[in-house]
Amino acid sequence: LFPNCKYANRSPIGTMDIVDHFPIQRLKDYYNKWYRPDLQAIIVVGDVDVDAVQKRILQFFRHTYLDPKRTFRAYEPVSNNEGGKPLISIQTDPEETQLEFRVMFKREIYNPDDKDRQGYYAVKYTEKMVQLLCDQRISNYAGTEMPILSTEVTDGNYLGSYTKNALSVNVLYRKGELDNALQAVFYELGRIRELGFTEKEYKKVKNDFLAALDNKYNNRQNITNNEYIQQYVDHFLENEPFPSISDEYHIFKKFINEMT
């Protein structure tokens, strides 16, 4: 799934041989190399005295040193499929009780430096609509008398990579029904590619999205600290914008009213 990429040989944490047998000095070197101020963030959310908290943070971290010759942190690129051919991976686990397959469609990430522009919300809305429309269509093939038990369409980073995104169709299927389940899913994906979606389908998912948006806006005083923290983490890691709920509400409303 990762041709010509480091991830094909190991995950970011390293091989298990290293994890199980590393010498203590290697761990110290790793810490000094990567655990540094320009790759860290302190996030504080809550009903706090801002000046007092800031003073305390500066007190603890004022002597932090940033090496001018520090190693550049680069994200590992993930290539597109050579010749457009599908990549296939089969994994088994004796402890797994469910049968599942996943179909992923890779695409380029949005330039992080451009996410501070309102046009990014038009892209986010479009991608969300495609995800919801696919999810709604594919879910019609799941049921008690069908080869497919359940489906879910998601959209996000390609297997944890920060340099490639993917739309993923996740399917749980009945034992002995893999061929029928695959046939049903690819048949419907082919229809989507050739014919797109109907106005009725789009209207339904748009209204569901608007209802969720309205609910979030009406309950904006009840947002949990963890929700705020996740927003700031996403901003730090991927430069995702974090406008107020009110601003986000009106931005989305503007784009939704302009799109058909």
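Below, all heavy atoms of this structure are taken into account, side chains as well, without hydrogens, waters or symmetry copies.
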Y141 versus E188, closest heavy-atom pair with distance: OH-OE1, 2.6 Å

Test side-chain contact (heavy atoms from CB on, under 4.5 Å) applied to Q231 and E240, step by step: CA-CA 8 Å; Q231 277 188 301; E240 288 291 331; over 6 Å; no

Between Q25 and D29, a side-chain donor and acceptor under 3.5 Å: yes

Where I138 and V185 come nearest, the two heavy atoms and their spacing: CD1-O, 4.4 Å

Sequence neighbours excluded and cut-off under 3.5 Å, please list the side-chain donor-acceptor pairs for residues 41-52, or say none.
{"from": "D49", "atom 1": "OD1", "to": "D51", "atom 2": "N", "distance (Å)": "3.2"}
{"from": "D49", "atom 1": "OD1", "to": "A52", "atom 2": "N", "distance (Å)": "3.1"}

Spatial distance of atom CZ (F242) from atom CG (N239) [nearest 0.5 Å]: 9.5 Å

By side-chain hydrogen bond (donor to acceptor under 3.5 Å, both in side chains), which residues pair with T163, not counting sequence neighbours? S161

Please list, one pair per line, the donor and acceptor atoms closer than 3.5 Å that link side chains of residues 66-76 to other protein atoms, with sequence neighbours excluded.
{"from": "D67", "atom 1": "OD1", "to": "K69", "atom 2": "N", "distance (Å)": "2.9"}
{"from": "R70", "atom 1": "NE", "to": "D38", "atom 2": "OD2", "distance (Å)": "3.1"}
{"from": "R70", "atom 1": "NH1", "to": "D67", "atom 2": "O", "distance (Å)": "3.1"}
{"from": "R73", "atom 1": "NH2", "to": "Y75", "atom 2": "OH", "distance (Å)": "3.2"}
{"from": "E76", "atom 1": "OE2", "to": "K6", "atom 2": "N", "distance (Å)": "3.2"}

Taking atom CG as the centre, does D20 end up with more than 12 heavy-atom neighbours from other residues, nucleotides or ligands that are less than 6.0 angstrom away? yes

Quick one: do R107 and D155 make a salt bridge, cutoff under 4.0 Å? yes

Is there a donor-acceptor pair closer than 3.5 Å between any side-chain N or O of K216 and the backbone N or O of I223? no

Do we see a donor-acceptor contact under 3.5 Å between the side chains of N226 and Q230? no

Take a 6.0 Å sphere around NZ of K128 and say whether it holds more than 12 heavy atoms from other residues, nucleotides or ligands. no

Could you tell me how the ring of F101 sits relative to the ring of Y173: parallel (under 30°), tilted (30 to 60°) or perpendicular (over 60°)? tilted

Taking the side chain as everything from C-beta on, heavy atoms only, tell me whether F2 gets closer than 4.5 Å to N9. no

Measure from NZ or CZ of K206 to the centre of the six-membered ring of F209, then state whether that distance is under 6.0 Å and the direction lies within 45° of the axis. no

Grab the two heavy atoms, one from F197 and one from I192, that are nearest each other, plus how far apart they are. CZ-CG2, 3.5 Å

Among the clusters formed by ILVMFWY side chains lying less than 4.5 Å apart, do F105 and V171 turn up in the same one? yes

Q40: what forms a side-chain hydrogen bond (donor to acceptor under 3.5 Å, both in side chains) with it, not counting sequence neighbours? none

Do L159 and L1 come within less than 4.5 Å of each other through their side chains, counting heavy atoms only? yes

Is the CD atom of E82 crowded by more than 12 outside heavy atoms at less than 6.0 Å? no

Is the number of heavy atoms from other residues, nucleotides or ligands within 6.0 Å of OH (Y31) greater than 12? no

Is the number of heavy atoms from other residues, nucleotides or ligands within 6.0 Å of CZ (F186) greater than 12? no

K164 (side chain) donor-acceptor with V78 (main chain) under 3.5 angstrom: yes

Please check this pair: side chain of R36 against backbone of K33, looking for a donor-acceptor N/O pair closer than 3.5 Å. yes

For residues 174-183, which side-chain donor-acceptor pairs fall under 3.5 Å, sequence neighbours excluded?
{"from": "R174", "atom 1": "NE", "to": "M146", "atom 2": "O", "distance (Å)": "2.6"}
{"from": "R174", "atom 1": "NH2", "to": "G143", "atom 2": "O", "distance (Å)": "3.2"}
{"from": "R174", "atom 1": "NH2", "to": "T144", "atom 2": "O", "distance (Å)": "2.6"}
{"from": "E177", "atom 1": "OE1", "to": "N180", "atom 2": "ND2", "distance (Å)": "2.6"}

Can the positive tip of K106 be found less than 6.0 Å from the middle of the six-membered ring of Y158, inside 45° of the ring normal? yes

Kindly check if the number of other-residue, nucleotide or ligand heavy atoms within 6.0 Å of CZ (R220) is above 12? yes

Main-chain N/O of D114 paired with R117 side-chain donor or acceptor, under 3.5 Å: no

What's the spacing between I251 CD1 and F255 CZ if we round to 0.5 Å? 7.5 Å

Minimum side-chain heavy-atom gap Q98-E96 below 4.5 Å: yes

Is it true that a side-chain atom of D135 and a backbone atom of Q131 form a donor plus acceptor pair closer than 3.5 Å? no

Between atom OH of Y30 and atom OH of Y35, what is the distance when rounded to the nearest 0.5 Å? 6.0 Å

Atom pair CD (E194) and CG (L189), whose distance is rounded to the nearest 0.5 Å: 12.0 Å

Which pair of non-hydrogen atoms, one from D113 and one from D116, has the smallest distance, and what is that distance? O-OD1, 3.4 Å

Answer whether the closest heavy-atom distance between the side chains of E238 and N157 falls below 4.5 Å. yes

Is there a path of hydrophobic side-chain contacts, each under 4.5 Å between heavy atoms of I/L/V/M/F/W/Y residues, joining Y120 to M129? no

Measure the CG-CZ distance between D247 and F252 for me, rounded to the nearest 0.5 Å. 12.5 Å

Verdict with reasoning, I18 to R10, per side-chain contact (heavy atoms from CB on, under 4.5 Å): CA-CA 11 Å; I18 292 176; R10 60 174 177 81; 5.9 Å; no

Compute both the distance and the angle, then confirm whether R26 meets the cation-pi test with F22: under 6.0 Å from the six-membered ring centre, within 45 degrees of the axis. no

I'd like to know if K124 pairs up with E127 as an ion pair, taking the criterion as any Lys NZ or Arg NE/NH1/NH2 lying under 4.0 Å from an Asp or Glu carboxylate oxygen. no

pair V169-T151: side-chain heavy atoms closer than 4.5 Å: no

Around atom CD of E199, are there more than 12 heavy atoms of other residues, nucleotides or ligands at under 6.0 Å? no

Any non-hydrogen side-chain atom of M16 less than 4.5 Å from a side-chain atom of V19? yes

Can you name the nearest heavy-atom pair linking K115 to P241, along with the distance? O-CG, 3.7 Å

Under a 3.5 Å distance rule, please check whether N215 uses its side chain to pair with a backbone N or O of A211 as donor and acceptor. no

Side chains of R102 and M104 in contact at under 4.5 Å (non-hydrogen atoms): yes

My understanding is that only residues two or more places apart in sequence, or in another chain, count here; which of them pass side-chain hydrogen bond (donor to acceptor under 3.5 Å, both in side chains) with T92? none

Heavy-atom distance under 4.5 Å between the side chains of I57 and F61, does that happen here? yes

At what distance, to the nearest 0.5 angstrom, does CD of E100 lie from CG of L149? 11.0 Å

Return the minimal non-hydrogen interatomic distance between N81 and P86, and the atom names on each side. ND2-CA, 3.9 Å

Derivation and outcome, side-chain contact (heavy atoms from CB on, under 4.5 Å), residues L210 and I256: CA-CA 9 Å; L210 284 170; I256 292 171; 3.5 Å; yes

Apply side-chain hydrogen bond (donor to acceptor under 3.5 Å, both in side chains) to Y110 and N165, showing your working. CA-CA 9 Å; Y110 197 86; N165 284 342; over 6 Å; no

Short side-chain to backbone donor-acceptor contact, H21 and D17, under 3.5 Å: yes

Side-chain heavy atoms under 4.5 angstrom apart, residues restricted to Ile, Leu, Val, Met, Phe, Trp, Tyr: same cluster for L213 and V205? yes

